[in-house]
Amino acid sequence: MTLTKLRNIGIAAHIDAGKTTVTERILFFTGVNRKVGEVHDGAATMDFMKQEQERGITIASAAITCQWKGSQINIIDTPGHVDFTVEVERSLRVIDGMVAVFCAVGGVEPQTETVWNQADRYKVPRIGFVNKMDRTGADYNDVLSMMNKYLDAKAVTFQVPMGAEDNFEGIIDVIERKAYTFQDSESIVIDIPEEYKQATEDARTTLVERLADFDEEIMDLYFAEKEVSVELLKKAAREATLKLLITPVFCGAAYKNKGVQLMLDAVVDYLPSPIDVGAIVGMDCDDPEKTRSRNPSAKEPFAALAFKLINDPFVGQQTFIRIYSGTISSGMQILNSTKGKHERTGRILKIHAKDREEISEAGPGDIVALIGMKFTKTGDTLCDNDHPLYLENIHIPPTVIELKINPAKRKDQERMIESLRKLSNEDPSFNMRYDDETSETVVSGMGELHLEIIIDRLRREFDVEVEVGQPSVAFREAITHEADFDLKYAKQSGGKGQFARTVLRIEPNEGKGYEFIDKIKGGVIPAEYVVSVDKGIKKTLVGGIIAGFPILDVKVTLLDGSYHPVDSSDMAFQTCASMCFKNAFLKANPVLLEPVMKVEVNTPDDYIGEIVGNLNRRRGKIESMRRYRKGSQKLNGFVPLMEMFGYATQLRNISSGRANYSMEFHQYEAVPKAIQEEELKKIAEKKRLEKS
């Protein structure tokens, strides 16, 4: 298989737009499946987790390989629910092109915008597929105008639907001027019906005009009023798509087997191969200012990115990688440049959803799973030992919601911790920590559904029954002022003592995380103890100071200090730095930060006033309201997460069940002073009760 014939694509969209149904039809038409698996029956190939089958949604991105018209297509089907947005993020990091699926009725929905912005971040070329054209309320042109208005998608019509809703009869290819109808999974070419000829010509003229902006040959033909050939239009459309200048839009009804074959043609015609994407650029491991590039060639040194981990009960941990250059074979030694550790590859598997095929080697463009990786985690770079480089990591959003959990049986404590560790290795948007004060395990994630799935997996996959507390907000701590502190730590208890002195300055570092600056002069603290100071502060950041929540965005400068040639040690400087930092932190006007969510509500006009009033009472800030469909509106705003518990029920009551909403993390903001005092009192009282 030549690299020009390879397509690594993702299928992404808002929940319920029909992504998994589209993927199932692709597998059927490409011969991977002999019969179609349906999401509502819990039989979809790509939704093979029990939790996915029961809920009828995609939770984990799944990979599968298929063939179409001489090309190999590696497909990653991604979740649409906002709680699993990191699954989309890591898939977009490694794919070359994307099919964005839109519901012909819903159009551009909240998660569509999130996915689109993620694809923009990684500059992924994409095509649009307007699904569910047979549904009541389907409006193809409205979806296109929404794509341009809300996504700035530069959407261009490549197909004209013949009818809509119950009258959706077929599709017209604008470039080739061919009409297609569908019968028993077969596409039949017919003459373009008279009533659609003008719409087809108008769409073709618009397409030619758009492509003339990027292609001089088409521009010359257009001004000379000459016919532009199919081949020239396809070539120009491909180039414009790869450069993100246009988004070709196609349509169909996947559930009724209409339009999927033509969309597959479009994947091959317009989405990039690894050759089109070109060289991947990484950083030099020794000098981050320098770049290193790798071309998609088997002759180049090996370079790959690990983008997903799965614990498989039969083969152990599978590490999914996307290979950018070189080849990898079983038993080969490679370097994990992120961790600075060597790995030896065990088995190499090509994954077909839940089935797997063992292969002896893999090359550029391949997406495979490795068995036997000891140190590799999501986002790590794997490369040739003699030609190291470091590829851009995967963006992981912060967790916003917490649960306290305990094993139902005390003897299961260690097994629960080990199981949670495996789950957090798989899913970087899920964290766990042990609270020493309350002797409880705290898990945190992206939302209530996210943690519900984790708990469900803990019970089913790992056979660990747990008792779960109420969900609570994952606050953070930060400072608002600068502060200095000088602390001497000295302990003498017979024999060797403990001595360290540190002088620290701390200041806010908004949006930049933790930063440590060493300003020690003249060796008043030896270099190895400067490392200990940094280590001690980092440990303190995790557990928080005023309420036990992690500390964000602080710059720490080590100004001065002293040591004792006998009594000083790594531990003495870690302890001293931690105590010094705590004292400085309390002087620097610390505040609690709360997660603020971006909320979108779709509602009929009748309820808009009451919904706005309700969000205002929840400390919400309304950003915009816009017409969504005739008689309904979309409302966008920002609301603190702590005010959103129980909102689903209240919204149902206000709107008689006709409004719906979605929310995703926006940013952390300082909690108002009165609420902070109230929350700190609650936390202190809770800890007092838990101790007693």
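Quick caveat, the model's predicted, so the values are computed rather than measured.
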What I want to find out is whether Lys682 reaches Glu685 closely enough, with some N-O distance under 4.0 Å, to be called a salt bridge. no

Run the salt bridge (Lys or Arg N to Asp or Glu O under 4.0 Å) test on Glu467 and Lys409 for me, step by step, so that the C-alpha distance in whole Å, both residues' side-chain angles and the decisive distance to 0.1 Å come before the verdict. CA-CA 9 Å; Glu467 292 164 352; Lys409 296 172 185 164; over 6 Å; no

Where the side chain of Thr441 meets the backbone of Asn406, is there a donor-acceptor pair that is under 3.5 Å apart? no

Answer yes or no: are there more than 12 heavy-atom neighbours, outside Gln333 itself, under 6.0 Å from its atom CD? yes

Do Phe645 and Val473 come within less than 4.5 Å of each other through their side chains, counting heavy atoms only? yes

Would you mind reporting whether Glu418 and Gln413 have side-chain heavy atoms less than 4.5 Å apart? no

Could you go step by step and tell me if Leu420 and Ile405 meet the side-chain contact (heavy atoms from CB on, under 4.5 Å) rule? CA-CA 11 Å; Leu420 288 171; Ile405 64 171; 3.8 Å; yes

If I compare all heavy atoms of Glu402 with all of Ala474, which pair ends up nearest, and what's the gap? CG-CB, 3.6 Å

Quick one about Tyr514 and Asp534 (side-chain donor to acceptor, distance below 3.5 Å, no hydrogens or angles considered), yes or no? yes

Restricting to pairs with a member in residues 370-380, which pass side chain to side chain donor-acceptor pair (under 3.5 Å), not counting sequence neighbours? Arg90-Thr378, Asn336-Thr376, Asn336-Asp380, Lys339-Asp380, Glu343-Thr376

To the nearest 0.5 Å, atom OG of Ser444 lies from atom CD1 of Ile401 at 10.0 Å

What I'd like to find out is whether the side chain of Ile551 reaches to under 4.5 Å of the side chain of Arg476, using heavy atoms alone. no

Side chain of Glu507, backbone of Val556: donor and acceptor closer than 3.5 Å? no

Does one side chain, of Gln676 or Glu678, offer a donor that lies under 3.5 Å from an acceptor on the other? no

Is a salt bridge present between Glu465 and Arg459, judged by a nitrogen-to-oxygen distance below 4.0 Å? yes

So how far is it from Phe638 CZ to Lys621 NZ, rounded to the nearest 0.5 Å? 9.0 Å

Between Ser325 (side chain) and Pro301 (backbone), is there a donor-acceptor pair under 3.5 Å? yes

Pair Glu623-Asn636, side-chain donor/acceptor within less than 3.5 Å: no

Contact check, side chains of Thr381 and Glu392, non-hydrogen atoms, under 4.5 Å: no

Axial cation check for Phe375 ring with Lys341, 6.0 Å and 45° limits: yes

Can you tell me if Asn614 and Arg618 form a side-chain donor-acceptor pair at under 3.5 Å? yes

Can you tell me how far the CZ atom of Arg505 sits from the CZ atom of Phe485, to the nearest 0.5 Å? 15.0 Å

Residue His481 excluded, over 12 heavy atoms near NE2 under 6.0 Å: no

Begin from the C-alpha positions of Val554 and Ile479 and carry the test side-chain contact (heavy atoms from CB on, under 4.5 Å) through to its verdict. CA-CA 7 Å; Val554 62; Ile479 53 170; 3.8 Å; yes

Ignoring hydrogens, what is the shortest heavy-atom contact between Ala572 and Gln498? Give both atom names and the distance. CB-OE1, 3.2 Å

Exam field: side chain Arg121 to backbone Trp116, donor-acceptor pair closer than 3.5 Å: no

Could you tell me which non-hydrogen atom of Thr502 sits nearest to which non-hydrogen atom of Cys580, and how far apart they are? OG1-CB, 3.4 Å

Side chains of Pro550 and Val542: closer than 4.5 Å at any heavy-atom pair? no

Between Asp486 and Arg501, does any side-chain N to carboxylate O distance fall below 4.0 Å? yes

From Leu641 CG over to His666 NE2, what is the distance, rounded to the nearest 0.5 angstrom? 14.0 Å

Taking Glu510's backbone N and O only, do any of them form a donor-acceptor pair with Asp553's side chain (distance below 3.5 Å, no angle check)? no

Under the ring-ring contact (aromatic ring centres under 6.0 Å, His included) test, which residues partner Phe430, sequence neighbours left out? none

Heavy atoms of Val639 and Leu615 approach each other most closely as CG2-CD2, 4.0 Å

Got a second to check how far Ser419's OG is from Leu458's CG, nearest 0.5 Å? 5.5 Å

Strictly distance-based, threshold 3.5 Å: is any side-chain N or O of Arg415 a donor or acceptor partner for the main-chain N or O of Pro407? no

Side-chain heavy atoms of Thr345 within contact of Ile328, under 4.5 Å: yes

Interatomic distance, CE@Met373 vs CG@Leu309, rounded to 0.5 Å, equals 10.5 Å

Are Tyr489 and Phe499 close enough that their ring centres sit under 6.0 Å apart? no

Heavy-atom check, side chain of His450 versus side chain of Ser429, under 4.5 Å: yes

Counting only N and O atoms by type, is there a donor-acceptor contact under 3.5 Å from the side chain of Glu477 to the main-chain atoms of Gly548? yes

Determine the minimum heavy-atom distance between Leu389 and Arg292, stating which atoms define it. CD1-O, 3.8 Å

Identify the two heavy atoms, one from Val115 and one from Ala12, that lie closest to each other, and give their separation to 0.1 Å. CG1-CB, 3.5 Å

Which residue pairs satisfy the ring-ring contact (aromatic ring centres under 6.0 Å, His included) criterion with at least one member in residues 525-565, sequence neighbours excluded? Phe475-Phe549, Tyr529-Phe573

Can Asn385 and His342 be said to form a side-chain contact (heavy atoms from CB on, under 4.5 Å), step by step? CA-CA 8 Å; Asn385 286 312; His342 292 282; 2.8 Å; yes

Check the pair Val368, Ile321 against side-chain contact (heavy atoms from CB on, under 4.5 Å), reporting the backbone distance first and the verdict last. CA-CA 6 Å; Val368 294; Ile321 64 166; 3.7 Å; yes

Would a 4.5 Å heavy-atom cut-off, applied to side chains only, mark Arg93 and Leu305 as touching? yes

